[in-house]
Amino acid sequence: MPAAAAPIISSVQKLVLYETRARYFLVGSNHAETKYRVLKIDRTEPKDLVIIDDRHVYTQQEVRELLGRLDLGNRTKMGQKGSSGLFRAVSAFGVVGFVRFLEGYYIVLITKRRKMADIGGHAVYKIEDTNMIYIPNDSVRISHPDEARYLRIFQNVDLSSNFYFSYSYDLSHSLQYNLTVLRMPLEMLKSETTQTRQESFDIFEDEGLITQGGNGVFGISSEPYMKYVWNGELLDIIKNTVHRDWLLYIIHGFCGQSKLLIYGRPVYVTLIARRSSKFAGTRFLKRGANCEGDVANEVETEQMLCDASVMSFTAGSYSSYVQVRGSVPLYWSQDISTMMPKPPITLDQADPFAHVAALHFDQMLQRFGSPIIVLNLVKEREKRKHERILSEELVAAVTYLNQFLPPEHTIIYIPWDMAKYTKRWNELGGCVIPTGRLQTGVLRTNCVDCLDRTNTAQFMVGKCALAYQLYSLGLIDKPNLQFDTDAVRLFEELYEDHGDTLSLQYGGSQLVHRVKTYRKIAPWTQHSKDIMQTLSRYYSNAFSDADRQDSINLFLGVFHPTEGKPHLWELPTDFYLHHKNTMRLLPTRRSYTYWWTPEVIKHLPLPYDEVICAANLKKLVVKKFHKYEEEIDIHNEFFRPYELSSFDDTFCLAMTSSARDFMPKTVGIDPSPFTVRKPDETGKSVLGNKSNREEAVLQRKTAASAPPPPSEEAVSSSSEDDSGTDREEEGSVSQRSTPVKMTDLGDSAKVTENVVQPMKEVYGINLSDGLSEEDLSIYLRFVQLGQSQHKQDKSSQQFCSRCPDGVIKLTPISAFSQDNIYEVQPPKVDRKSTEIFHAHIQASQGIMQPLGKEDTSMYREYIRNRYL
């Protein structure tokens with residue numbers, strides 16, 4: 001069923017900041033630079049932020065004239081050409097937000113970006129660099145001695161490390177939510193269409209939208225889910241002042257995309273992790289939950305599959321699966337002042353009615369529906385009671401809450417000690433609708449840290465879900481995937497990068513225990529690296545986590561610097577910042593028995609956020625556009641057919657490919673990515689390491705069976721930074737390539753034996769065997785073709801080969817007639833192409849053909865977008 005609407009593409013994608021002594025002028029344009037918007041920022045206010053948005057859409061010519069007038073009016077002397085009154089300060093790709101400490105406001109701009117993924121033609125970018133500019137000019141600046149320290153703390157949050165954004169795709173919501181919104185009934189969209197279709201005068205508005213009602217397309221923009229937005233506090237001050245296109249929401253976590261090639265059919269496997277901005281922090285300083293039900297280290301991981309041969313939300317095939325990790329939803333903590341690797345777990349508050357757990361699961365029911373499956377990876381058998389404290393309390397909380405829920409929507413609790421046994425899920429849940437199957441409910445995984453064990457468990461569950469996703473798209477005949485296949489190895493590499501990145505953000509080091517560790521196939525050399533990662537994590541937790549926590553609190557607006565109050569570094573703890581009920585009188589308590597939101601329970605198992613109701617419709621911005629409007633035309637946005645573009649810009653995303661990086665290069669190997677490979681057959685070490693790249697290159701040069709090393713661009717595309725690159729260096733080498741040993745002459749025979757491969761494995765046949773009758777017949781036919789090709793009269797060849805003037809002329813030597821494999825006749829031109837050619841010739845002579853209705857509409861759209 002075609003979608004009834006399309007996502008609205010932001011018209012502010014390129015920005016230029018111009019500076020005068022009294023103003024900043026921020027000029028934003030769409031990618032084609034046909035529509036412009038202008039923000040005026042006052043620089044004469046020392047502590048207040050004054051922004052004016054006229055909400056007018058300018059053309060390129062109008063912006064040039066406006067900037068020219070501003071330049072002329074701000075010169076020191078009228079008519080002076082030597083010094084300009086308008087300076088170009090910086091170019092950017094988006095506004096992160098505005099922030100103020102103790103002096104005036106700063107503006108944070110994205111100055112460098114990199115494309116990380118493509119979801120149905122919608123680009124996902126990673127922030128590579130930012131610029132922080134102080135707004136008030138020096139003449140009105142009121143200096144404060146602590147301003148520089150707050151600035152350093154704020155900038156400790158590295159915005160170039162795993163922050164992502166998109167101009168047209170809502171990254172804070174799942175793919176299921178975004179497609180559900182686009183497939184709303186047409187009647188709902190008509191009722192919610194805003195009264196003002198255009199914010200500027202449009203001479204073609206009525207004719208395009210009313211008389212040609214069939215060409216109108218609804219554009220939809222939804223409010224982001226603020227729990228996963230990290231610059232919401234920075235944009236809050238301008239949210240109600242400027243046009244929505246200026247608001248660029250960013251998420252923090254992980255984004256990776258790889259290409260699974262199935263007999264030439266490309267399938268994109270995308271992994272997106274959204275880290276919660278509520279109760280965010282570092283490992284030992286943020287444990288459990290706060291008073292509002294937000295838990296520490298809460299990350300929503302979504303794996304998406306899409307058929308890349310069709311780039312459209314309306315005609316393409318998509319599949320998405322979401323799972324969540326998060327700390328145990330209780331009041332608990334660990335005291336790190338004891339300088340112990342595993343500090344004792346302490347339950348800070350008694351919660352007999354599971355108040356905080358009820359708030360947490362109520363949020364999950366609203367976003368994901370039912371059932372909520374709690375996969376608890378905390379150890380059950382311990383010599384000294386440590387982790388089991390959390391298990392006992394969590395079981396008691398879930399048991400208490402379940403006695404009030406309807407039996408069909410109860411919370412499912414599964415204890416799973418990874419050191420003891422494993423478990424498989426073969427049940428397919430969800431809700432079937434005419435356009436597919438919706439995911440209802442979610443799997444929530446936790447251990448103590450929600451790092452190593454959790455990542456491995458999520459990979460195992462994700463692997464099972466991947467099989468069902470491939471099966472639902474018709475790519476495999478049964479929902480089952482085996483280990484050691486190219487598809488699973490590609491998926492495992494994505495999850496390794498995903499786990500390393502999230503572990504660095506929360507724990508300060510990469511993963512200690514990986515998928516291979518729990519599969520009992522990790523090499524012995526992995527243990528030494530595990531020890532180093534453990535020491536790195538311990539050092540980070542002991543010495544740098546406090547500073548990182550202060551930076552996060554300041555960036556997210558949990559702490560606001562105020563004159564006359566204690567500074568951030570003077571606070572003994574941030575407990576009171578994250579638990580707001582300690583700073584004011586207790587509000588009315590929720591019911592101990594009816595602990596859920598009434599509207600949520602009515603629509604289960606469907607998630608309330610995806611139900612079409614009045615409350616959710618208020619979160620949408622619905623607007624009707626022309627059929628060829630740039631704000632909703634994702635094809636023009638991606639390919640830009642009306643302008644000159646290079647392949648490097650259009651196809652700048654270099655992703656990992658199963659055929660290039662994992663499939664063996666040996667002739668005769670089954671190219672299917674679902675074929676089980678031997679450890680020495682793979683085309684790439686699944687868990688290679690950048691630090692061992694030089695050693696790997698040396699091994700590949702000396703081992704005939706190994707493929708060439710991947711390019712630097714391919715390596716950087718599979719993992720964004722060094723956080724996703726710790727991948728069992730020596731283990732991968734020992735299993736997938738043959739190292740050269742610097743030994744004496746006695747070992748040379750062994751090295752040669754390992755390097756030289758059998759002839760049949762290299763060429764596919766054994767040349768010492770005799771030819772079959774079929775092969776011999778094919779060869780004889782080929783010889784006959786060659787003899788017929790070179791038949792000619794030698795005398796004519798001598799006569800025509802060289803002319804008297806000394807110029808060599810080539811003569812045809814083929815004895816075959818025309819229209820064969822050596823010489824073909826020109827193809828016949830169809831009637832429509834001939835008519836187009838004749839019309840083109842007549843147009844050059846001044847004879848114009850009458851334009852059709854669609855041609856007229858397209859021309860008017862072009863004129864309106866370009867010049868009006």
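The aromatic rings of F313 and Y169 sit tilted, their planes meeting at an angle between 30° and 60°. Classified by interplanar angle (parallel below 30°, tilted 30° to 60°, perpendicular above 60°), the ring pair H603/Y608 is tilted.
A salt bridge links E300 and R367; the closest N-O separation between the charged side-chain nitrogens and carboxylate oxygens is under 4.0 Å. A salt bridge links R453 with E387; the closest basic N to acidic carboxylate O contact falls under 4.0 Å. Between D574 and K286, at least one side-chain nitrogen of the basic residue sits less than 4.0 Å from a carboxylate oxygen of the acidic one, meeting the salt-bridge criterion.
With D170 as the partner, the side chain to side chain donor-acceptor pair (under 3.5 Å) test is satisfied by one option alone out of S174, S166, S172: S172. When each of R283, R275, R287 is checked for a side chain to side chain donor-acceptor pair (under 3.5 Å) with N297, only R275 meets the rule.
Aromatic ring centroids of Y471 and Y468 lie 6.0 Å or more apart. For F279 and H579, the gap between ring centers is short of 6.0 Å. The six-membered or imidazole ring of Y594 lies away from that of F404, with a centre-to-centre distance of 6.0 Å or more.
In this structure, V374 and I414 have side chains that are not in contact, with every pair of non-hydrogen atoms separated by 4.5 Å or more. Put simply, the side chain of L481 reaches to within 4.5 Å of the side chain of L466, judged on heavy atoms. For the pair T346/D348, a side-chain contact is recorded, criterion being any heavy-atom separation below 4.5 Å from C-beta on.
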Taking it one step at a time, do L175 and Y318 satisfy side chain to side chain contact (heavy atoms under 4.5 Å, CB included)?
CA-CA 9 Å; L175 179 68; Y318 296 87; 3.9 Å; yes
Could you give me the CA-CA distance, side-chain angles and deciding distance for K385 and E392, then say whether salt bridge (charged side-chain N to carboxylate O under 4.0 Å, His left out) is met?
CA-CA 11 Å; K385 192 174 181 180; E392 294 173 353; 2.9 Å; yes
Does R325 form a side chain to side chain contact (heavy atoms under 4.5 Å, CB included) with R444? I'd like the steps, not just the answer.
CA-CA 6 Å; R325 69 171 68 183; R444 184 195 188 279; over 6 Å; no
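The closest donor-acceptor contact from the side chain of Q363 to the backbone of E292 lies under 3.5 Å.
With sequence neighbours left out, the salt bridge (Lys or Arg N to Asp or Glu O under 4.0 Å) criterion links K565 to no other residue.
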